[in-house]
Amino acid sequence: MSSGLMAGTSAYRRANWALFCAGFSTFSLMYCAQPLLPMFAGYFKVSPAQSSLAVSLTTGLLALSIIVVGVNAQRLPRKLLMAASLFASALLTLLAAMMPDWIHLLVLRALVGVALGGVPAVAMAYLAEEVHPNSLGLAMGLYIAGSAFGGMAGRVMTGLLADFFSWRAAMACIGVSGLIAAALFVMLLPKSVRFTPNRAAGWRDVRSDLTRHLRHGALMGLFALGFLLMGGFVTVYNYAGFRLLAPPFNMNQSLVGAIFTVYLVGIVASAWFGRLADRYSRIRMLTLGIVLMLAGVLLTLAQTVFWIVLGIALLTFGFFAAHSIASGTVGKLARGAKAQAASLYLLSYYLGSSVLGSVGGNIWSHGGWPGVVAMVCTGLALALLICYRLARVIEPASAEIAPAAR
């Protein structure tokens with residue numbers, strides 16, 4: 001059997017581009033509603049916390065869908081499952097753009113989350129299985145880079161199009177781009193050669209795999225990190241628009257959407273830190289990413305747009321750096337059933353987005369931006385404590401599995 005896709009080969013490049021498209025589509029479809037939250041609040045006459053359901057329901061249902069997909073992932077072909085998810089979620093986004101009322105829009109946004117469940121965990125498992133370990137960090141970083149690009153494009157495109165046309169036109173445009181990305185994914189991704197679907201796998205096998213992962217101390221630490229990092233990141237992005245649209249800034253929707261171009265630094269961070277993680281201590285790079293997030297959040301307390309945007313950029317850089325390392329480390333530490341391990345990490349990751357993202361709305365309504373910053377900084381402080389604990393079980397230089405998880 002092949003030792004895996006190596007950097008520099010044609011198949012490796014095709015796999016990277018295909019999964020870049022998958023990451024782009026997933027994040028653009030998931031977060032295209034985020035810059036539209038103030039518009040939803042005005043158009044449908046709902047509160048900021050209620051408007052955040054257009055994002056939180058998607059991520060929350062995605063978290064549950066990922067678990068369902070994860071426990072059945074050993075039975076299904078990797079490429080077919082991801083392709084079906086990408087096409088379905090893009091079509092559902094097109095339908096969401098046509099919904100006449102708030103409830104129907106939320107239902108469609110929830111279904112987008114369900115449909116997207118077949119991508120993230122399976123993509124991480126595909127990379128862990130098909131890519132040579134020495135090239136995995138870069139490959140995972142490039143996949144996360146696609147996610148960063150999708151998150152940026154979804155936010156910026158919808159912000160601009162909504163300002164010049166309507167939120168419906170903006171959401172429809174994202175749906176069309178998702179269909180194009182899905183088609184490119186199917187054309188580019190090499191078939192799995194190191195994975196064979198096991199349709200005979202039963203619940204006993206699944207339960208055994210899940211139990212093993214949940215008893216693995218280091219994996220549990222990484223799952224907690226996913227919850228805290230994603231929750232804090234999404235909270236800042238959810239409510240930064242409300243702050244910048246209000247006095248004293250009084251920015252318009254196009255300018256607020258343009259600020260999300262700072263997502264481009266996530267592309268650099270994920271690919272760069274993924275490469276560094278292949279060479280240096282994973283835990284130190286992970287800790288550095290969290291420290292950068294913390295510094296960025298604190299900068300957003302400034303009263304000038306320049307420092308606020310710089311803070312959001314630093315937060316974004318640190319988040320994607322930390323996420324690319326944490327997600328890649330899950331694949332390295334998991335003892336078999338990598339799709340299930342990835343699904344548990346992503347369950348925590350998207351639950352953090354859904355739960356903390358919605359809680360942040362209530363804090364914004366009662367405590368303003370200082371309250372949001374205090375909440376996010378508390379979560380990041382807990383994340384640093386987890387990194388300190390993980391340093392005892394993850395070998396700093398080789399990033400190999402430690403003999404035992406504490």
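These values consider heavy atoms only, across backbone and side chains, with no hydrogens, waters or symmetry-generated copies.
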Would you give the length of the straight line joining atom OH of Tyr43 to atom CZ of Phe40, rounded to the nearest 0.5 angstrom? 10.0 Å
Ignoring hydrogens and angles, tell me if any N or O in the side chain of Lys79 forms a donor-acceptor pair with the backbone of Pro190 under 3.5 Å. no
Short question: side chain of Arg168, backbone of Ala162 - any donor-acceptor pair under 3.5 Å? no
Closest non-hydrogen contact found for Met375 with Leu356 is CE-O, 3.2 Å
With rounding to the nearest 0.5 Å, note down the distance linking OG1 in Thr59 to CG in Leu351. 8.0 Å
Write down the atom of Thr93, the atom of Cys32, and the distance for their closest heavy-atom approach. CG2-SG, 4.5 Å
Calculate, to the nearest 0.5 Å, the distance between atoms OG1 and CG belonging to Thr158 and Leu36 respectively. 4.5 Å
Checking Ser348 side chain against Ala224 main chain: does a donor-acceptor pair fall under 3.5 Å? no
May I ask you to decide if Gly117's main-chain N or O and Ser85's side chain share a donor-acceptor pair within less than 3.5 Å? no
Between Gly118 and Met82, what is the shortest heavy-atom contact and its length? O-CG, 3.4 Å
Checking the side chain of Arg14 only, and the main-chain atoms of Leu188 only, is there a donor and an acceptor separated by less than 3.5 Å? yes
Strictly under 6.0 Å, is that where the ring centroids of Trp17 and Tyr12 end up? no
Does Ser47 have any side chain to side chain donor-acceptor pair (under 3.5 Å) partners at least two apart in sequence or in another chain, and if so, which? Gln50
Nearest 0.5 Å, what's the CZ-CG distance between Phe24 and Leu184? 10.0 Å
Could you tell me whether His323 and Phe233 have their ring centroids closer than 6.0 angstrom? no
Would Leu390 and Leu225 satisfy side chain to side chain contact (heavy atoms under 4.5 Å, CB included), going step by step from the backbone distance to the final call? CA-CA 11 Å; Leu390 285 175; Leu225 279 180; 3.8 Å; yes
Indicate yes or no: at least one non-hydrogen side-chain atom of Phe27 is less than 4.5 angstrom from one of Phe149. no
Residues that Ser358 engages under side chain to side chain donor-acceptor pair (under 3.5 Å), provided they are two or more places apart: Ser56
How far does CG of Leu288 sit from SG of Cys387, to the nearest 0.5 angstrom? 10.5 Å
Can any side-chain N or O of Thr58 pair as donor or acceptor with the backbone N or O of Arg109 at less than 3.5 Å? yes
Validation row: Asp101, His104 side chains within 4.5 angstrom (heavy atoms): yes
Of all the heavy-atom pairs spanning Ala326 and Tyr345, show the shortest one and how long it is. CB-OH, 3.7 Å
Could you tell me whether the side chain of Ser65 and the main chain of Val114 form a donor-acceptor pair under 3.5 Å? yes
Test of understanding: with side-chain contact (heavy atoms from CB on, under 4.5 Å), list the residues that count as partners of Ala172, not counting sequence neighbours. Leu94, Ala97
In chain order, what residues pass the side-chain contact (heavy atoms from CB on, under 4.5 Å) check against Ala322, with sequence neighbours excluded? Leu229, Leu286, Ile290
Minimum side-chain heavy-atom gap Asn250-Leu245 below 4.5 Å: no
Without swapping roles, check the side chain of Ser353 against the backbone of Tyr349 for a donor-acceptor pair under 3.5 Å. no
Is there a side-chain contact between Leu228 and Ile386 (heavy atoms, below 4.5 Å)? yes
Would a distance-only check, ignoring hydrogens and angles, find a side-chain to backbone donor-acceptor pair under 3.5 Å from Tyr239 to Gly361? yes
Side chain to side chain contact (heavy atoms under 4.5 Å, CB included) between Val186 and Phe87, intermediate numbers included: CA-CA 10 Å; Val186 172; Phe87 278 110; 3.9 Å; yes
Pairwise distance CG(Leu108) to CD1(Ile103) - rounded to 0.5 angstrom: 12.5 Å
Heavy-atom closest pair, residues Pro35 and Pro38: O-CD, 3.6 Å
Taking everything shown except Tyr388 itself, do over 12 heavy atoms lie less than 6.0 Å from its OH? no
Taking it one step at a time, do Lys45 and Trp102 satisfy side chain to side chain contact (heavy atoms under 4.5 Å, CB included)? CA-CA 9 Å; Lys45 308 301 181 185; Trp102 180 237; over 6 Å; no
Check for a donor-acceptor pair, side chain of Thr26 on one end and backbone N or O of Gly23 on the other, with a separation under 3.5 Å. no
Those residues that, when tested against Ser89, pass side-chain contact (heavy atoms from CB on, under 4.5 Å) (two or more places apart): Leu29, Val112, Ala115, Leu116
For residues Gln34 and Val234, report the shortest heavy-atom separation together with the two atoms involved. NE2-O, 3.7 Å
Report all side-chain donor-acceptor pairs from residues 297-320 shorter than 3.5 Å, counting only partners two or more places apart or in another chain.
unit_1, atom_1, unit_2, atom_2, d
Thr300, OG1, Val297, O, 2.5
Thr300, OG1, Trp369, NE1, 3.0
Gln303, NE2, Leu301, O, 3.3
Thr316, OG1, Tyr237, OH, 2.5
Thr316, OG1, Ile312, O, 2.7

